[in-house]
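Inspection log for the structure reproduced underneath, given as structure tokens.
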Number of protein chains: 4
Amino acid sequence: MANNIYKKSNSPLIIYDINKIALEKFTFLHETTLSDRLIIHAQTPIEVARRSSTIITMLPSSPHVKKVYLETKDSLIHGIDENSFLIDSSTIDQNVSKEVSKKIIEKGARAVDAPVSGGIVGAEAANLSFMVGASTLEDFNRAKPYLSHMGKNIIHCGGLGAGQIAKICNNMLLAITMIGVAETMNLGVKLGIDPKLLANILNTSSGRCWSSDTYNPCPGVLPNVPSSKNYEGGFNNSLMAKDMKLAVNAANDAKVSVILGAIAQQLYSLLSNTAGYEKKDFSSIYRWLNDSNETNN
Amino acid sequence: MANNIYKKSNSPLIIYDINKIALEKFTFLHETTLSDRLIIHAQTPIEVARRSSTIITMLPSSPHVKKVYLETKDSLIHGIDENSFLIDSSTIDQNVSKEVSKKIIEKGARAVDAPVSGGIVGAEAANLSFMVGASTLEDFNRAKPYLSHMGKNIIHCGGLGAGQIAKICNNMLLAITMIGVAETMNLGVKLGIDPKLLANILNTSSGRCWSSDTYNPCPGVLPNVPSSKNYEGGFNNSLMAKDMKLAVNAANDAKVSVILGAIAQQLYSLLSNTAGYEKKDFSSIYRWLNDSNETNN
Amino acid sequence: MANNIYKKSNSPLIIYDINKIALEKFTFLHETTLSDRLIIHAQTPIEVARRSSTIITMLPSSPHVKKVYLETKDSLIHGIDENSFLIDSSTIDQNVSKEVSKKIIEKGARAVDAPVSGGIVGAEAANLSFMVGASTLEDFNRAKPYLSHMGKNIIHCGGLGAGQIAKICNNMLLAITMIGVAETMNLGVKLGIDPKLLANILNTSSGRCWSSDTYNPCPGVLPNVPSSKNYEGGFNNSLMAKDMKLAVNAANDAKVSVILGAIAQQLYSLLSNTAGYEKKDFSSIYRWLNDSNETNN
Amino acid sequence: MANNIYKKSNSPLIIYDINKIALEKFTFLHETTLSDRLIIHAQTPIEVARRSSTIITMLPSSPHVKKVYLETKDSLIHGIDENSFLIDSSTIDQNVSKEVSKKIIEKGARAVDAPVSGGIVGAEAANLSFMVGASTLEDFNRAKPYLSHMGKNIIHCGGLGAGQIAKICNNMLLAITMIGVAETMNLGVKLGIDPKLLANILNTSSGRCWSSDTYNPCPGVLPNVPSSKNYEGGFNNSLMAKDMKLAVNAANDAKVSVILGAIAQQLYSLLSNTAGYEKKDFSSIYRWLNDSNETNN
């Protein structure tokens, strides 16, 4: 994503990551492209905040976001001013997201939440979706050009936190459809239908879904998807388990029944804790069901 | 479907239904169009078999198919000869389907199974999918022109019975995605996102599926779908419960694990037995979840 | 419970409830028994703390416990001293329970968590189980005589918070066995076995459980249980939904897979939000399954 | 079971098994006990029927029962007369059971279905339950003394087939409670409670069940149960998967919703097809959940 930002924008780039090697690699990559623009390595979040007006963050979970934004003396909050504009693309608890944005706005700066969907495949195809929670249309329009460097669909979902809500809704549905496609492909193949033919049937019928036509979990049905690359890359089971936990907790707090959602969460929690599956793409649920069905062949 | 057949083919039509009123209505409808072609009312299945070379059947369940094809003195089997070609578009147990086709072929005639998918919406849009099980490509090509009068996607799924397998696979996935969309729309709306906006987000993200972009279960999101017409029309919960039972039984016999499939079957079995839901479209799972969530608002 | 405490102990009783009518009723009840011992109505929690050395609380949820113990100027924490001994019988988040106990101990007082199990039936039969989390055996022994007035099984489950853990474990299993018994009784009865006979079979076989032999959800099988009293009294669906949410959240935080537990939570969340079930005993899952199966008879 | 029959009855024993080694072992065992009674090896089922008046069968599934009773020239049906009394202790489809009994009664003989419950532990403790379907009390009383040699609880469940119905009801509940106990023990132990203490708490509280107090799935909690013997012996996952399939199919045919039952069936189907679990006792669900939770410790 930083890649696309750098390539498509003309402004200098100030980058920070606790993983220094990642930073070196990134810089090396672009120096070799003889780019003349600066890539500055910040030593702390606060330095990023002091030296940039527009700040984009992508962090693994709520505690990380709290730490980077608020809780240490080097946190972003201490370096921002009324010109600062903060875009958080992390997928986290909507309540934490709102709390962080509120604190930023109290300092006179502006903030939006903009979690992303589409996985590696979407990222490579520059086909990501950004789900933006912004309290004003002005904030949304201010974020849009930056997000457009990284994705195709930039959607204003509502006020602060709405991006997070849209994201967990999408991922809950994604998890359910993926498991559904895995069970269905497994059933059809066991009953004797060719996998590619079955996928073709589903994709032209009412079972059609992204998990089937764009990201099919059955190896060999589609090229260049994780299922055809030993389930490497993509969006791993641990990350899906994390998002599903956010979704089901939000549903429980809102007293909304998500029966299939709760089972899907349990299954991804199981996979994320099963040796050999923790870091595999979430479409590996197909292999997991299949593994356990092997002994009956 | 008979409608489309009649309109798009030039041959006379011989029709039979235990519901005589349906037959009268159908004939009246077309006489008023001043069509000059014959519509003949047969009194029994065997009469249909004797007076037609190509026979298309659409029946509710396995026992009905056995009765109409084999078990009575007026059954089709007694009226066919080596020129007869039988297309059964019923969704039934694949084993029954194979048994019936076998008996037909023993009489020198030809048979294919061609269950259909797409629901009322697909039927109106002439956008149905036919899943064809045919033992030879010749049989498939012989069925295709007739099926093309009624649908867009005519797919050769494999040998006899393969159409049935493809159909239950599609419908199992359809049930899972529909419940998934219902839970997801319900969650997002309860958390404050506008239904149309949420659907739009899902439809341009990885949660995209037919149940969301073509048949959304949340009232008002799409026009002319059952959810916007008090869940009238479409594919009712009892029919979905029936297909889900076929799918889960087939999975159990094949020792294939269908965890979400099994829950989806239980939920549709529940709806098909819940007062007020038996005959509603299967997207009414959204209202059912919502009903039970009403008291907490 | 206060009843049993009063009857079986010799010390004066200081009681507090935000529901004044409940207090009046309680006092009236005992004055009519010509008891000579004092029942004092406290006006605030802090008054209870100042006038008693041993304090027993029973509150509906974590926020209530925080408020009564810590958060207001009238909270218990401001009235206790090194002689105070606090027993909280509420079922709440184990982390909140630990936090509250910690604050009490910092003030030189002692605290234990002692959530209770067994429902109304157990309460009437003075057959409750108390699950005690106490950091020392001394604390446990200090709590035991008081708890013995109210229940039969007083179990030391471990350090502070362990009572809460044991309680949610028991109730998760209780919810699962209850739904299991409801589904099983429903199945057997529909297949033609007499309910009492079926219960007798289960109770002398490997399906035996408390939900079947002591609290059977099928009306008429046992006298004096909620199922034989229109599901009145007992432990209602909303309370079970609350405990199940605590259990499943704890499991998710601990990355423990609770597949049936997650479904049971969703079903009780559904019942607690279904008109006519919110305040019914949790064994009413039997009626709920049955209601929805009515239309097929 | 044959063991107990032989020891406790005085009549000669005629035995048949397709596994000749089992027969030899059995005979050798008893010859070494210097018993003077005859043990006769029959070569075929029909020979058993001709030489015995009371015949007890125990077979793995519906097709086996059909074959041994009806379908071959050596089947029992051809050897019985009006003095014959047939007791089938197999657990099979109730419809098959009724059909077989009907054919026997047409030959003037009498028949009952008497499936058994309690597992190896129950068998060793001579503590089995027999669930008897008998069309008359006379038939039940005729079977009772023989069954009493093998078990403690001999229950008349109703007419022919009722034994089968009671058995699948019990085993469905057994599967649900076992998975529930496994999830619960797993949760409590992960949250820091000693397994024996937790079991003790559950067994004296409302979570109490046979799967917890008599057959606990957590290793070391109880001696001499499969969980303390590497899940060897007992009632294996494949057998439980088979019984669960009978239960869920019966529920689907009767349009009864068994939501937890359907999940339990899927999980045992999964275990019965998972390498290393196929032949383990059904309490190994605890290890299975634990295996997959290992990587997060």
Side-chain angles (χ1 to χ4, degrees), chain A residues 94 117-119 122 129 131 153 155 157-158 162 165-166 169-174 176-177 179-181 183-188 190-194 197-198 200-202 204-212 214-215 247 250-251 254-261 263-264 267 289 292-293 296, chain B residues 94 117-119 122 129 131 153 155 157-158 162 165-166 169-174 176-177 179-181 183-188 190-194 197-198 200-202 204-212 214-215 247 250-251 254-261 263-264 267 289 292-293 296:
Chain A
Q94 57 142 329
S117 156
S129 293
M131 300 166 184
N153 310 302
I155 307 161
C157 302
I165 294 167
C169 284
N170 180 74
N171 280 17
M172 184 174 87
L173 182 53
L174 174 59
I176 291 170
T177 54
I179 298 171
V181 171
E183 292 182 357
T184 303
M185 291 296 297
N186 201 14
L187 175 58
K190 287 277 191 329
L191 293 178
I193 300 189
D194 171 78
L197 179 57
L198 178 55
N200 175 33
I201 295 164
L202 298 173
T204 53
S205 306
S206 49
R208 169 175 58 76
C209 56
W210 185 91
S211 295
S212 171
T214 305
Y215 209 83
K255 292 192 176 177
V256 174
S257 301
V258 288
I259 299 174
L260 294 193
I263 294 282
L267 292 178
L289 286 168
S292 38
N293 281 309
N296 73 66
Chain B
Q94 55 144 329
S117 155
S129 293
M131 299 163 185
N153 310 302
I155 307 161
C157 302
I165 295 168
C169 283
N170 180 74
N171 280 17
M172 184 174 86
L173 182 52
L174 174 59
I176 293 169
T177 55
I179 299 170
V181 171
E183 292 181 356
T184 302
M185 291 297 296
N186 201 15
L187 175 58
K190 287 278 192 329
L191 292 179
I193 301 190
D194 170 77
L197 179 58
L198 179 55
N200 175 33
I201 294 165
L202 298 174
T204 54
S205 305
S206 49
R208 170 176 57 77
C209 55
W210 185 91
S211 295
S212 171
T214 305
Y215 209 83
K255 293 192 176 177
V256 174
S257 302
V258 288
I259 299 174
L260 294 194
I263 294 285
L267 292 178
L289 286 169
S292 38
N293 280 306
N296 73 67

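In what follows, chains carry the letters A, B, and so on, assigned in the order in which the sequence lines appear, proteins first and then strands, with residues in each chain numbered from 1. Atoms considered below: every heavy atom in the structure, side chains included; atoms not considered: hydrogens, waters and symmetry mates. As the structure is a prediction and not an experimental result, all values here were calculated from the model.
Applying the side chain to side chain contact (heavy atoms under 4.5 Å, CB included) rule to A162(A) yields the partners C157(A); only residues at least two apart in sequence or on another chain are considered. In terms of the side-chain hydrogen bond (donor to acceptor under 3.5 Å, both in side chains) criterion, T184(B) has no residue partners (sequence neighbours excluded).
The backbone N or O of T204(A) sits less than 3.5 Å from a side-chain atom of S129(B), completing a donor-acceptor pair.
Here the CZ-CG distance, from R208(A) to L173(B), works out to 11.0 Å after rounding to the nearest 0.5 Å. Between C209(A) atom SG and L202(B) atom CG the span is 12.5 Å, to the nearest 0.5 Å.
Side chains of I176(B) and L260(A) form a contact here, defined as non-hydrogen atoms less than 4.5 Å apart. Between C169(A) and I193(B), every side-chain heavy-atom pair lies at or beyond the 4.5 Å cut-off. Between I155(A) and L197(B) there is a side-chain heavy-atom pair separated by less than 4.5 Å.
Both the backbone and the side chain of I201(B) come within contact range of chain A, each with at least one heavy atom under 4.5 Å from a heavy atom of that chain. With a threshold of 4.5 angstrom between heavy atoms, N170(B) approaches chain A through its backbone and through its side chain. The contact between I259(B) and chain A is made by backbone and side chain atoms together, counting heavy-atom distances below 4.5 Å.
Across V256(A) and K190(B), no two heavy atoms sit closer than the pair CG2-CG, 3.5 Å.
Counting heavy-atom pairs closer than 4.5 Å to chain A, the top-ranked of the candidates G180(B), S206(B), S205(B), G207(B) is S206(B). Contact count against chain A (heavy-atom pairs under 4.5 Å) is highest for L191(B) among D194(B), L191(B), T177(B), L198(B).
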